[in-house]
Student: 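The structure that follows is given in the form of structure tokens.
These figures come from a predicted structure and were not determined experimentally. Just so you know, ligand 1 is whichever comes first in the structure, and atom 1 is the first atom listed for that ligand.
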Amino acid sequence: MADHSGKQWWKEAVVYQIWPRSFKDSDGDGLGDIPGITEKLPYLAELGINVIWLSPVFASPNDDMGYDISDYRAIMPEFGTMADFDTMLETAHSLGIKILMDLVVNHSSDEHAWFEASRASRDNDYRDYYIWRDSSGHDEAGNPLPPNNWVSEFSGPAWAYDEHTDQWYLHMFSKKQPDLNWENPKVRQEIFDIVTFWLDKGVDGFRLDAINIISKPEGLPDDPAVVPGKQTSSIPFVIENGTRVHEWMHELNAETFAKYDVMTVGEMSATLPEEAIQFSGFTSDELHMIFHFEHMTVDSDPGASMGKWSRKPVDLVELKTILNEWQTKLSGKAWGSLYWNNHDQPRTISRFGNDSPEYRELSGKMLATVLHFMQGTPYIYQGEEFGMTNVQFDAIDDYKDLDSLNMYESMVRQYGTLTHEQAMELIYAKGRDNARTPVQWDASDNGGFTDAGVQPWIGINPNFTEINVAEAVSREDSLWNFYRQLIGLRRGELQHLMVYGDFLPLGEDDAQVYAYERIGEGEKLLVIANFTDQELTRDFGLGEGLSPVISNYTDDAGTTLRPYEAKVYRLAN
Ligand code: NOJ
């Protein structure tokens with residue numbers, strides 16, 4: 001049994017997530033690509049990160065933007081070639097940057113050769129690579145009914161009917177993402193071989209997509225949470241009732257990861273700290289850390305009929321309670337990951353901060369401070385480091401994400417439960433395309449993402465003329481330089497406290513200020529952050545012997561906290 005309770009390189013890492021389609025286009029086709037990433041690696045080295053999580057670059061029909069893989073050993077031609085990939089990996093390594101791949105093996109694309117063979121007949125060798133079931137009956141008109149009532153993550157039933165073989169296949173995400181059947185040992189072996197292929201190429205680890213839903217509840221019973229008219233996904237039901245996930249995580253780890261010095265992080269919605277410890281405990285022999293989603297739900301209404309497609313004002317006490325519990329419950333038992341953003345989430349400044357010109361950078365620095373001083377491995381999502389914000393396109397056709405498009409189709413066009421305006425408001429607040437507009441490199445045409453005059457695959461946020469990398473890098477007091485400082489402190493002189501110090505929450509009932517300490521031997525850090533646009537007064541007993549570490553204001557106003565002020569002190573313990 002491995003014991004990961006001590007120092008580990010992946011605990012000390014700062015990760016940067018690249019969503020390749022929108023990162024940097026090198027060949028003027030309006031899509032980001034691998035040579036574009038290679039070109040920008042020195043930029044990332046300058047920022048100071050040392051690990052990249054690369055969202056999928058494998059062959060894919062892009063129904064779900066690469067999370068539907070049709071060949072796990074091939075690079076998507078629009079993104080480049082395997083030679084381009086090798087050059088990127090080598091260049092990254094030469095700059096001291098490791099690369100994690102995205103392992104999407106709960107499902108494949110329906111255009112994967114396995115599925116094409118699987119659907120061809122009921123009795124071929126690949127039939128059991130996927131989850132096929134008979135109809136549960138027929139409706140009055142004689143139409144077949146799905147095997148159970150499960151609802152997919154992207155709206156509508158989780159089963160698709162295949163006329164040719166008169167059976168249904170399971171897809172927890174889109175119809176073009178059939179779930180793989182992990183019960184079949186041949187499927188598991190295929191996955192181990194794919195992982196080994198990439199590890200032998202020299203990649204440094206994996207982010208495992210939706211990995212806690214690979215084991216389906218025995219007998220595939222109905223999901224009791226599904227009620228007519230309510231559009232909630234059955235994923236939580238699968239997570240709660242799948243019985244073999246830990247057995248398979250052990251197996252995957254033993255057959256692949258454990259043989260290499262790599263880092264692994266599992267994506268796990270609907271997961272609480274106690275469960276996280278089972279997956280990523282220091283002696284679990286499963287994964288190094290997981291992404292939980294609890295803090296991503298604080299602006300959704302739990303009573304609403306549409307899950308994430310609902311809104312509620314953020315209650316800071318609720319947000320702090322969640323984050324503080326993850327800090328304290330994992331402490332000494334498991335390692336955590338820290339994030340505000342990824343390719344599935346709206347932009348954090350628009351969501352938890354304030355994206356007005358006056359407060360965009362101040363609130364971005366405040367949010368960065370709160371996250372980067374916590375225990376765990378921090379992840380920065382492309383554009384976060386210089387303060388990209390949510391976008392608002394007028395027409396639904398300007399949106400590309402099937403999650404938003406499906407919601408609009410069913411709620412506006414099919415059921416008429418929402419007006420166009422109501423649906424657009426939800427997409428503006430929650431849609432995944434907020435994170436997927438092109439990276440704004442400079443103020444030139446197309447923000448320097450692609451050549452001037454080329455139509456990018458999705459519109460660029462019109463604020464690129466003010467918010468862009470070139471501007472942020474050139475200004476000493478920019479958010480970008482603030483991120484660079486935070487990363488420098490964590491990877492340098494404050495590593496012992498920022499990475500390994502104990503976490504102690506302060507003022508837990510305070511609905512406006514987030515404060516905590518990180519405690520080491522003989523010294524500690526005190527972190528104070530005003531989450532509001534109000535001037536506040538708080539007395540943290542600040543006395544003598546404080547040295548300021550970092551702040552988003554140029555001077556210190558003592559017990560007065562100005563709008564979105566964040567400051568950190570180092571002091572004796
Ligand atoms: C989680 C990924 O992050 C998301 O982008 C994707 O749509 C689903 N899993 C399905 O792969």
Student: Using a strict cut-off of 4.0 Å, indicate which atoms of ligand 1 neighbour a heavy atom of R436.
Tutor: 5 (O)
Student: Between R436 and D401, is there a side-chain N and carboxylate O pair less than 4.0 Å apart?
Tutor: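 Judged by the 4.0 Å cut-off on N to carboxylate O distance, R436 and D401 do form a salt bridge.
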Student: Decide whether a cation-pi geometry holds between R244 and W182; the criteria are a distance under 6.0 Å from NZ or CZ to the six-membered ring centre and an angle within 45° of the ring axis.
Tutor: no
Student: Which ligand 1 atoms does D64 reach within 4.0 Å, using its non-hydrogen atoms?
Tutor: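 Answer, ordered by atom number: 6 (C), 7 (O), 8 (C), 10 (C), 11 (O).
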Student: Go through ligand 1 atom by atom and flag the ones less than 4.0 Å from a non-hydrogen atom of H107.
Tutor: 10 (C), 11 (O)
Student: Any idea which protein heavy atom is nearest atom 11 (O) of ligand 1, and the distance to it?
Tutor: D209 OD2, 2.7 Å
Student: By number and element, which atoms of ligand 1 are closer than 4.0 Å to a non-hydrogen atom of R432?
Tutor: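 Atoms satisfying the 4.0 Å criterion: 4 (C), 5 (O), 6 (C), 7 (O).
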Student: Check the pair W441, F449 against ring-ring contact (aromatic ring centres under 6.0 Å, His included), reporting the backbone distance first and the verdict last.
Tutor: CA-CA 6 Å; W441 292 102; F449 163 69; 8.9 Å; no
Student: Please list the nearest protein heavy atom to atom 8 (C) of ligand 1 with its residue and the distance rounded to 0.1 Å.
Tutor: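 Protein heavy atom at minimum distance: F173 CE2, 3.7 Å.
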Student: Check each atom of ligand 1 against the heavy atoms of F154 and keep those under 4.0 Å away; list them by number with element.
Tutor: 7 (O)
Student: Do we get K98 above W9's six-membered ring, with its NZ or CZ under 6.0 Å from the centre and within 45° of the axis?
Tutor: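 Yes, K98 lies over the aromatic ring of W9.
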Student: Does some non-hydrogen atom of R207 fall short of 4.0 Å from ligand 1?
Tutor: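 It does; at least one heavy atom falls under 4.0 Å.
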Student: From Y130 OH over to H107 NE2, what is the distance, rounded to the nearest 0.5 angstrom?
Tutor: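 Here the interatomic distance stands at 10.5 Å.
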Student: In terms of residue, atom name and distance, what is the protein heavy atom nearest to atom 3 (O) of ligand 1?
Tutor: D344 OD2, 2.5 Å
Student: Once you restrict to heavy atoms under 4.0 Å, what part of E153 touches ligand 1? Side chain, backbone, both or neither.
Tutor: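 It is neither part, as no heavy atom is under 4.0 Å.
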Student: Looking at side-chain heavy atoms only, is the closest gap between F154 and M172 below 4.5 Å?
Tutor: no
Student: Knowing that exactly one of V265, T271, I277 qualifies, which makes a side-chain contact (heavy atoms from CB on, under 4.5 Å) with I290?
Tutor: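 Testing I290 for a side-chain contact (heavy atoms from CB on, under 4.5 Å) against V265, T271, I277 leaves exactly one candidate, T271.
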